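For reference, the structure discussed in these notes is given below.
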Amino acid sequence: MKNIIWIEPYAIDRKIGVEYNRIISYLPDHCWIGITDQDMCFLHPEQKKWIAGIIEQGGYELYGCLTNRLHSDEQAPFRGVNDTPNMYDEQNYMAHKKFALEIRAKYGDEVVPTASVIAGLLMVFNKDTWERVGRFRETGIWFDTYFSNAIQRKGIMRGIYVFHDYRLPLPDYEACHYHDHLYRDLWKEAFDANKQTKQ
């Protein structure tokens, strides 16, 4: 079974792409890497083992998962429409734990290909892939989007469902359009630099 090195870097200056690249550069060549966001959590103690088993089967360079709150119908389809439960607004943590087991029982190791972006709340990839696509972009807030878009063979693990806080309890529109926490300091830096130039 593949060994995955899990990391969750944090950047006080919000330059998260820089921090991801710094940490990954220390990891062994050819290793598999799992990255997670600060506001997500696994819902079953065996989920990392399940993911390792899925990766062992091969077929993709980048893997994502299913979750509750995300601006993606592919990775967060459970919104109370088309006979799906509304996990997007569900705030009962135990309900999410139960749902994670139901998803695992229903889909197992199934992976479906996608041409869309794999969200950075959980990404699994090989270090070789990271090097081939030029690593993570170190400027701007969309480092995970650029990384995902550079990869062709990517899939969503349908049997892996994790909890994503994603700015609870904001409703869908507000949550997916709220980015102040990501780039407020970057805008301030740009404003200050522009101010200095004009003086």
Side-chain angles (χ1 to χ4, degrees), residues 1-28 31-56 60-72 74-78 87-88 90 93 96-97 99-101 103-104 107 109 111 114 116-130 133 135-138 140-151 154-168 175-176 178-179 181-182:
M1 187 175 291
K2 298 287 186 186
N3 179 51
I4 301 171
I5 300 173
W6 290 93
I7 61 174
E8 190 181 80
Y10 177 76
I12 293 175
D13 62 5
R14 294 185 175 89
K15 295 176 181 176
I16 191 66
V18 174
E19 187 64 8
Y20 273 130
N21 287 337
R22 186 182 72 83
I23 297 298
I24 292 172
S25 68
Y26 297 145
L27 301 181
C31 70
W32 280 91
I33 301 161
I35 64 172
T36 58
D37 273 355
Q38 303 290 320
D39 65 344
M40 69 75 65
C41 64
F42 290 100
L43 292 164
H44 191 280
E46 295 288 295
Q47 282 186 311
K48 288 182 179 178
K49 180 179 179 181
W50 297 340
I51 292 172
I54 293 170
I55 303 305
E56 182 71 32
Y60 299 90
E61 293 182 293
L62 175 62
Y63 294 81
C65 65
L66 295 181
T67 190
N68 54 317
R69 288 173 66 87
L70 196 66
H71 191 53
S72 163
E74 278 192 284
Q75 288 192 258
F78 314 109
M87 303 309 290
Y88 193 95
E90 178 60 67
Y93 183 71
H96 290 284
K97 287 179 68 72
F99 192 65
L101 291 177
I103 288 293
R104 175 64 181 177
Y107 296 112
D109 289 347
V111 181
T114 181
S116 299
V117 171
I118 296 290
L121 85 147
L122 185 151
M123 288 179 157
V124 182
F125 53 89
N126 195 281
K127 187 174 180 180
D128 294 345
T129 301
W130 170 77
V133 301
R135 307 185 175 194
F136 285 105
R137 183 172 290 198
E138 297 191 345
I141 63 173
W142 307 114
F143 71 98
D144 54 341
T145 299
Y146 290 116
F147 182 75
S148 179
N149 284 337
I151 298 172
K154 49 195 173 184
I156 298 170
M157 301 176 287
R158 298 191 74 198
I160 304 297
Y161 173 87
V162 302
F163 179 80
H164 191 206
D165 181 277
Y166 198 56
R167 297 178 280 287
L168 273 168
C176 69
Y178 179 80
H179 300 125
H181 65 300
L182 293 173

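Worth saying up front: this structure is predicted, and the values here are computed from it rather than measured. Residue indices begin at 1 and follow the sequence shown.
Taking every heavy atom of both residues into account, Glu19 and Pro9 meet most closely at CG-CB, 3.6 Å. Closest approach of Arg69 and His164 over heavy atoms only: O-ND1, 2.7 Å. Between Ile156 and Cys65, the shortest heavy-atom contact is CG2-O, 3.8 Å. Scanning both residues, Lys2 and Ile55, for their nearest heavy atoms gives CG-CG2, 3.9 Å. Among all heavy-atom pairs drawn from Met40 and Leu121, the shortest one is CG-O, 3.4 Å. The two residues Ile151 and Val133 have their closest heavy-atom pair at CG1-CG1, 3.9 Å.
Annotation: side chain of Phe78 is in contact with side chain of Leu66 (closest heavy-atom distance under 4.5 Å). Using a 4.5 Å heavy-atom threshold, the side chains of Leu62 and Thr129 count as separate. You'll find the side chain of Tyr60 stays beyond 4.5 Å of the side chain of Val124, heavy atoms only. The shortest side-chain heavy-atom distance between Ile33 and Phe125 falls under the 4.5 Å cut-off. In this structure the side chain of Ile35 never reaches within 4.5 angstrom of the side chain of Ile23, judged on heavy atoms. Contact of the Tyr26 side chain with the Ile7 side chain is not registered, since no non-hydrogen atoms from C-beta on lie closer than 4.5 Å. Taking the side chain as every heavy atom from C-beta outward, Glu90 and Asn68 never approach each other to under 4.5 Å.
Under the rule for a side-chain contact (heavy atoms from CB on, under 4.5 Å), the partners of Pro28 that lie at least two apart in sequence or sit in another chain are Ile5, Cys31. Applying the side chain to side chain donor-acceptor pair (under 3.5 Å) criterion to Glu61, with sequence neighbours excluded, gives Arg132. Every residue was checked against the salt bridge (charged side-chain N to carboxylate O under 4.0 Å, His left out) condition with Lys48, not counting sequence neighbours, and none meets it. With sequence neighbours left out, the side-chain contact (heavy atoms from CB on, under 4.5 Å) criterion links Val117 to Thr145, Ser148, Asn149. Partners of Tyr20 according to the ring-ring contact (aromatic ring centres under 6.0 Å, His included) rule, which considers only residues two or more places apart in sequence or in another chain, are Phe136, Phe143. With sequence neighbours excluded, the residues that form a side-chain contact (heavy atoms from CB on, under 4.5 Å) with Tyr107 are Ile103, Glu110, Arg158. Taking Ala76 as the reference, Thr67, Leu70, Arg79 meet the side-chain contact (heavy atoms from CB on, under 4.5 Å) condition, with sequence neighbours excluded. Under the rule for a ring-ring contact (aromatic ring centres under 6.0 Å, His included), the partners of Tyr93 that lie at least two apart in sequence or sit in another chain are Phe163. Remark: Glu138 pairs with Asn21 by the side chain to side chain donor-acceptor pair (under 3.5 Å) rule, at least two apart or across chains. For Thr36, the side chain to side chain donor-acceptor pair (under 3.5 Å) partners are Glu8, not counting sequence neighbours. With sequence neighbours left out, the ring-ring contact (aromatic ring centres under 6.0 Å, His included) criterion links Trp50 to His44. Listed by chain and number, the residues in a side chain to side chain donor-acceptor pair (under 3.5 Å) with Arg104 are Asp109 (sequence neighbours excluded).
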ask   = After noting the C-alpha distance and the side-chain angles of Ile51 and Trp32, does the key distance pass the side-chain contact (heavy atoms from CB on, under 4.5 Å) rule?
value = CA-CA 11 Å; Ile51 292 172; Trp32 280 91; over 6 Å; no
request  = Given side-chain contact (heavy atoms from CB on, under 4.5 Å), test Phe99 with Leu43 step by step and report yes or no.
outcome  = CA-CA 9 Å; Phe99 192 65; Leu43 292 164; over 6 Å; no
query = Between Ile160 and Ile54, is a side-chain contact (heavy atoms from CB on, under 4.5 Å) present by the stated rule, with each step listed?
reply = CA-CA 10 Å; Ile160 304 297; Ile54 293 170; 4.0 Å; yes
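The backbone N or O of Ala119 lies less than 3.5 Å from a partner atom in the side chain of Gln75, making a donor-acceptor pair. Checking side-chain atoms of Asn126 against main-chain N and O of Asp128 turns up a donor-acceptor pair under 3.5 Å.
Separating the CG atom in Asp37 from the CE atom in Met123 is a distance of 9.5 Å, to the nearest 0.5 Å. Atom SG in Cys41 sits 9.0 Å away from atom CG in Asp165 (nearest 0.5 Å).
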